[in-house]
Amino acid sequence: MSRLPGFSPQFDSIQQFITTLTHVVWEQKDIGQLADFYATPVVFITPEKQLTDLSQFMRHTLEAMYSFPQRSVLTEDILCTEAPGGEYYTSQRTMASIRHQGEGFFGAPTGKSVWVRTWADRICADGAIRQEWLLQDRAAIVAQLGLDVREFARSLGNAREQLGLENSPADVLHARWAGGPEGDDVEGPIAGVIERYLTMWAGGNSGTVPGLYHPAATLYAPGHCMGTGEAEISALLSGYRASFADSETQLHHLIVRKDANEPVRISLRWSLLTWHDGYGKFGAPTRKPVSISGISQLELRDGLIIREYLGIDELAIWSQIVNP
């Protein structure tokens, strides 16, 4: 009998359910089995779109596989929490090596191999995934293919305009990224870390908050970038803070894990509804409203962030800035 009530007897844990899904669909390429893992209907959300039809989700998966048929997907971590009634919330982070061999969203095939990190928050119940928030570092793909992310975003906007498709306004994108259970309640020093982290994104400082990062911390940032030490991390983050107006950061879900022989691990799904009103990472100010959707996974040492995996889709941000 399954030790995971409501799920197939083959699964002993929610982590095994998620890793099996990843292997079967993305490495064995058995797209038909998506119906065995996802509920009908399912709510599937990215920083730019929302789908409620499993067949649409399957089509997008097939398109991604056609463009990058050769891939190896490594699950770096899965943080999970269980709510009353047998509902699970999971936050998975993967790192994948993929080869661009087919025509598709990223243009004509280049044959190049790229590394890309992806975050997926999921609500699972009654043996299936009912809702998913997916965030991929698409700017990393664009950069490794030798393209300019700003010009690529502009070309996507031109293509949508020719098709008569309208872009969703920032407040709609912001509202979509919300939802789901609130997550874990925390207090004490960990609550302080989370509050200071969210304050850092809200504004009022030039980069990082003093006393938030360990002196030897490493930030794995969007665009396949990395910074080590507070000076490098501050330089990476200050480009965001310079670009956008001070705004309140909205926390949508929180997981805090204190597992034996592991650092304290935290996953936050959050968003920021702001304005592009400064010179920074995203060029000259346009005064446009912008929605920033994020999933941040933190590891702590001595009460400070020692590693951060920052999930932001910079291509989605550029698309809001350069297109009407």
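Just so it is clear, the structure is predicted and the values come from calculations on it, not from any experiment. Heads up: numbering here begins at 1 and tracks the sequence.
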Run the numbers on L268 and L251 for side chain to side chain contact (heavy atoms under 4.5 Å, CB included), then give the verdict. CA-CA 7 Å; L268 309 95; L251 176 62; 3.9 Å; yes

Under 4.5 Å between any side-chain heavy atoms of V25 and T22, yes or no? no

Non-hydrogen side-chain atoms of L219 and L310 separated by less than 4.5 Å: yes

What pair of heavy atoms forms the shortest contact from D12 to Q16, and how long is it? N-OE1, 2.6 Å

Is I266 reachable from W201 through a run of I, L, V, M, F, W or Y residues, each pair having side-chain heavy atoms under 4.5 Å apart? yes

Within a reach of under 6.0 Å around CD of E103, are more than 12 heavy atoms found that belong to other residues, nucleotides or ligands? yes

So how far is it from S319 OG to E48 CD, rounded to the nearest 0.5 Å? 5.0 Å

Looking only at heavy atoms, what is the nearest atom pair of F17 and A128, with distance? CZ-CA, 4.3 Å

CG (L315) and CZ (R138) are apart, to the nearest 0.5 Å, by 4.0 Å

For a salt bridge (charged side-chain N to carboxylate O under 4.0 Å, His left out) check, start with the C-alpha distance between R241 and D246, then their side-chain angles and the critical distance, and finish with the verdict. CA-CA 8 Å; R241 294 301 323 125; D246 294 354; 3.0 Å; yes

Which one of V193, I190, L298 satisfies the side-chain contact (heavy atoms from CB on, under 4.5 Å) criterion with V256? I190

Side chain to side chain contact (heavy atoms under 4.5 Å, CB included) for C124 and R130? Distances and angles first, verdict last. CA-CA 6 Å; C124 310; R130 299 196 172 276; over 6 Å; no

Compute the ring centroids of F44 and W133, then answer whether they are less than 6.0 Å apart. no

d(W318 CH2, K281 NZ) to nearest 0.5 Å is 8.5 Å

Do we see a donor-acceptor contact under 3.5 Å between the side chains of E132 and Y38? yes

Derivation of the side-chain hydrogen bond (donor to acceptor under 3.5 Å, both in side chains) call for R122 and Q92: CA-CA 8 Å; R122 301 180 176 103; Q92 180 187 26; 2.8 Å; yes

pair I306-L300: side-chain heavy atoms closer than 4.5 Å: no

Has F105 got more than 12 heavy atoms of other residues, nucleotides or ligands less than 6.0 Å from its CZ? yes

Strictly by modelled atom types, are S91 and Q297 linked by a side-chain donor-acceptor pair under 3.5 Å? yes

Using modelled atom types and a 3.5 Å cut-off, is there a donor and acceptor pairing between side-chain atoms of R71 and backbone atoms of F68? yes

Does A231 offer a backbone N or O that forms a donor-acceptor pair with the side chain of S234 under 3.5 Å? no

E87 side chain to A83 main-chain N or O, any donor-acceptor pair under 3.5 Å? no

Quick check: F282 with Y240 (ring centres under 6.0 Å apart)? yes

When you measure from the side chain of T110 to the backbone of K112, do you find a donor-acceptor pair of N or O atoms at a distance under 3.5 Å? yes

Let's go through T286 and W275 carefully: what are the C-alpha distance in whole Å and the side-chain angles of both, what is the deciding distance for side chain to side chain contact (heavy atoms under 4.5 Å, CB included) to 0.1 Å, and is it a yes or a no? CA-CA 8 Å; T286 61; W275 294 267; over 6 Å; no

Any side-chain heavy-atom pair from V142 and F106 closer than 4.5 angstrom? yes

Taking atom types as modelled, find out whether T81 and D184 have a side-chain donor-acceptor pair closer than 3.5 angstrom. yes

How far does CH2 of W115 sit from CD1 of I141, to the nearest 0.5 angstrom? 13.0 Å

Closest heavy-atom contact between S267 and D121? OG-OD1, 4.5 Å

Candidate list R99, Q144, Q101, test side chain to side chain donor-acceptor pair (under 3.5 Å), partner S113, passing option: R99

Modelled atom types, side-chain donor and acceptor of S271 and H252, under 3.5 Å: yes

In one Ile/Leu/Val/Met/Phe/Trp/Tyr side-chain cluster, 4.5 Å: L272, L254: yes

Below 4.5 Å, heavy atoms only, C-beta onward: do V264 and D259 meet side chain to side chain? no

Do the side chain of K288 and the main chain of I321 share a donor and acceptor less than 3.5 angstrom apart? yes

Can you check side chain to side chain contact (heavy atoms under 4.5 Å, CB included) on T94 and W119, steps first, answer last? CA-CA 7 Å; T94 63; W119 294 254; over 6 Å; no

Has the side chain of S168 got a donor or acceptor atom that lies under 3.5 Å from a matching backbone atom of L173? no

Starting from L79, can I reach L21 by hopping between I/L/V/M/F/W/Y residues whose side chains sit under 4.5 Å apart? no

Between the OG1 atom in T90 and the CD atom in E82, the distance rounded to the nearest 0.5 Å is 12.5 Å

Under the 3.5 angstrom rule, does the side chain of S67 hit a backbone N or O of A64 as a donor-acceptor pair? no

Have Y89 and R269 got a donor and an acceptor in their side chains that come within less than 3.5 Å? yes

Taking only Lys NZ, Arg NE, NH1 and NH2, and the carboxylate oxygens of Asp or Glu, determine whether R117 and E76 approach each other closer than 4.0 Å. yes

Could you see if V42 belongs to whatever hydrophobic cluster contains I45? Use Ile, Leu, Val, Met, Phe, Trp, Tyr and a side-chain cutoff under 4.5 Å. no

Is it true that, when you exclude Q28 itself, more than 12 heavy atoms of the residues, nucleotides or ligands shown sit nearer than 6.0 Å to its CD? yes

Tell me yes or no: between the side chains of Y213 and E308, is some donor less than 3.5 Å from an acceptor? yes

Any carboxylate oxygen within less than 4.0 angstrom of a Lys/Arg side-chain nitrogen, looking at R160 and E166? no

Between I18 and F37, is there a side-chain heavy-atom distance shorter than 4.5 Å? no

What I'd like to find out is whether the side chain of H214 reaches to under 4.5 Å of the side chain of E230, using heavy atoms alone. no

Specify the closest pair of heavy atoms between P222 and I312, including all atoms of both residues, with the distance to one decimal. CB-O, 3.7 Å

Could you report the tightest heavy-atom contact between T228 and A216, atom names first, then the distance? CG2-O, 4.3 Å

Indicate the atoms forming the closest heavy-atom contact of G294 with W177, along with that distance. O-NE1, 3.3 Å

Whether K29 side chain and L62 backbone form a donor-acceptor pair below 3.5 Å: no

Checking side-chain polar atoms at under 3.5 Å, does T218 have a donor or acceptor matched by the opposite partner on R307? no

Is there a donor-acceptor pair under 3.5 Å between the side chain of Q50 and the backbone N or O of T46? no

Before accepting this row, confirm whether a basic side-chain N of the pair R257/E299 lies closer than 4.0 Å to the acidic partner's carboxylate O. no

Pair S296-Y309, side-chain donor/acceptor within less than 3.5 Å: no

Counting only N and O atoms by type, is there a donor-acceptor contact under 3.5 Å from the side chain of D148 to the main-chain atoms of R150? yes

CG of D77 to CD of Q15: how many Å apart, nearest 0.5 Å? 9.5 Å

Residue pair Y197 / L212, side-chain heavy-atom distance below 4.5 Å: yes

